[in-house]
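Everything below concerns the one structure shown next.
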Amino acid sequence: MHGSAVGRIVETEAYLGLQDRAAHAWRGITPRTKVLFGPAGHAYVYLIYGMYECLNIVADKEGEPGCVLIRALEPVAGLSAMRKRRGLLNKDVRDHELANGPGKLTIAMGITRAHNGADLTRGRLVVCDGTEEKFETGVSPRIGIRHNADWPMRFYIAGNTSVSRFQSSGRPGR
DNA sequence: CAATAGATCATCT
DNA sequence: GATGATCTATTGC
């Protein structure tokens, strides 16, 4: 354990079910995707490229495997804990690089496949409403996918250049 | 800054 | 046996 941390979600992507070939659940239920077919508000965490883990929030009713991939966080608290988990204690890396990518944020927050299926409305790992702050949203195609590479399903906080640096540097499409 | 290579393995065909 | 919702280091302009 390295300590607790808080981050604001500043970049996401939506994945649908059978109608979205880019989604893991497009073929239906498998051992891996079964939590996607469960109730909303739970975590779906999977291993990508054999090395990194990605966090999703199940976001549709039971039986409908819609989910939201969390792509980037703006670190809010516990920055040193995030830095420790990233192994960046003695490295010259800026705060905005701590969680500006799907694989980076899981490491920074200490999220692993052990959290797969966790209830995100209560417990150690929580996702909740933030402030009343208003912000503009931007939309673009999703990043790093082969199928449906032109669907506008990536959403991020826009209209604020100081926030964009907390978002991933990947370009849409593939 | 852009493009590329390599690491590394659970999952599904 | 091929694939992939990524990241880092490196090379080339």
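Letters go in sequence order (proteins before strands), and every chain restarts at 1. Reckoned from all heavy atoms, side chains included, excluding hydrogens, waters and symmetry mates.
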Are side-chain heavy atoms of A/Arg154 and A/Val139 found at a separation under 4.5 Å? no
Between C/dA5 atom P and A/Ile9 atom CD1, what is the distance in whole Å? 20 Å
Report the nucleotide, chosen from B/dA7, C/dA5, B/dC12, that has the shortest atom-to-atom distance to any side-chain atom of A/Pro31. B/dC12
Could you check whether A/Arg21 gets within reach of a base, just the sugar-phosphate, or nothing at all, counting any heavy atom under 4.0 Å? nothing
Charged N to carboxylate O below 4.0 Å: is that the case for A/Arg8 and A/Glu133? yes
Nearest to the side chain of A/Arg27 - B/dA10, B/dC12, C/dA5? B/dC12
Where the side chain of A/Lys104 is concerned, which of C/dG4, B/dC12, C/dC7 is the nearest nucleotide? C/dC7
Where the side chain of A/Thr30 is defined as all heavy atoms beyond and including C-beta, which of B/dT11, C/dT6, C/dA5 is the nearest nucleotide? B/dT11
Could you check which of B/dA7, C/dT3, C/dA5 has an atom nearest any side-chain atom of A/Arg71? C/dA5
Find the distance A/His147:NE2 to C/dG4:C1' and express it as a whole number of Å. 10 Å
Please report, rounded to the nearest Å, how far the P atom of C/dA5 is from the OH atom of A/Tyr156. 21 Å
Over how many whole Å does the gap from A/Asn116 atom CG to B/dT11 atom C1' extend? 13 Å
Under 4.0 Å: is that the gap between some side-chain N or O of A/His24 and OP1 or OP2 of C/dA5? yes
Measure from NZ on A/Lys91 to C1' on C/dA9 and round the result to the nearest Å. 11 Å
Atom CZ of A/Arg86 and atom P of C/dC7: how far apart are they, to the nearest Å? 8 Å
Side chain of A/Met51 only, please: which of C/dA5, C/dC7, B/dT8 is the nearest? B/dT8
Could you tell me which nucleotide pairs with B/dA2 by Watson-Crick or G-U wobble geometry, both distances under 3.5 Å, or answer none if nothing does? C/dT11
Nearest 0.5 Å please: distance from the OH atom of A/Tyr15 over to the CZ atom of A/Arg142. 5.0 Å
Spacing between A/Glu13 atom CD and C/dG4 atom P, to the nearest angstrom: 15 Å
Quick check: any donor-acceptor pair below 3.5 Å linking the side-chain of A/Tyr49 to the base of B/dA7? no
Please classify the nucleic acid contact of A/Gly103 as base, sugar-phosphate, or nothing, using heavy-atom distances under 4.0 Å. sugar-phosphate
Verify the distance criterion only: is there a donor paired with an acceptor across the side chains of A/Arg71 and A/Ser168 at less than 3.5 Å? yes
Between CD of A/Gln167 and P of C/dT6 the distance, given in whole Å, is 15 Å
Check: A/Thr112 and A/Val45 side chains under 4.5 Å, non-hydrogen atoms: no
Could you check whether A/Leu69 gets within reach of a base, just the sugar-phosphate, or nothing at all, counting any heavy atom under 4.0 Å? base
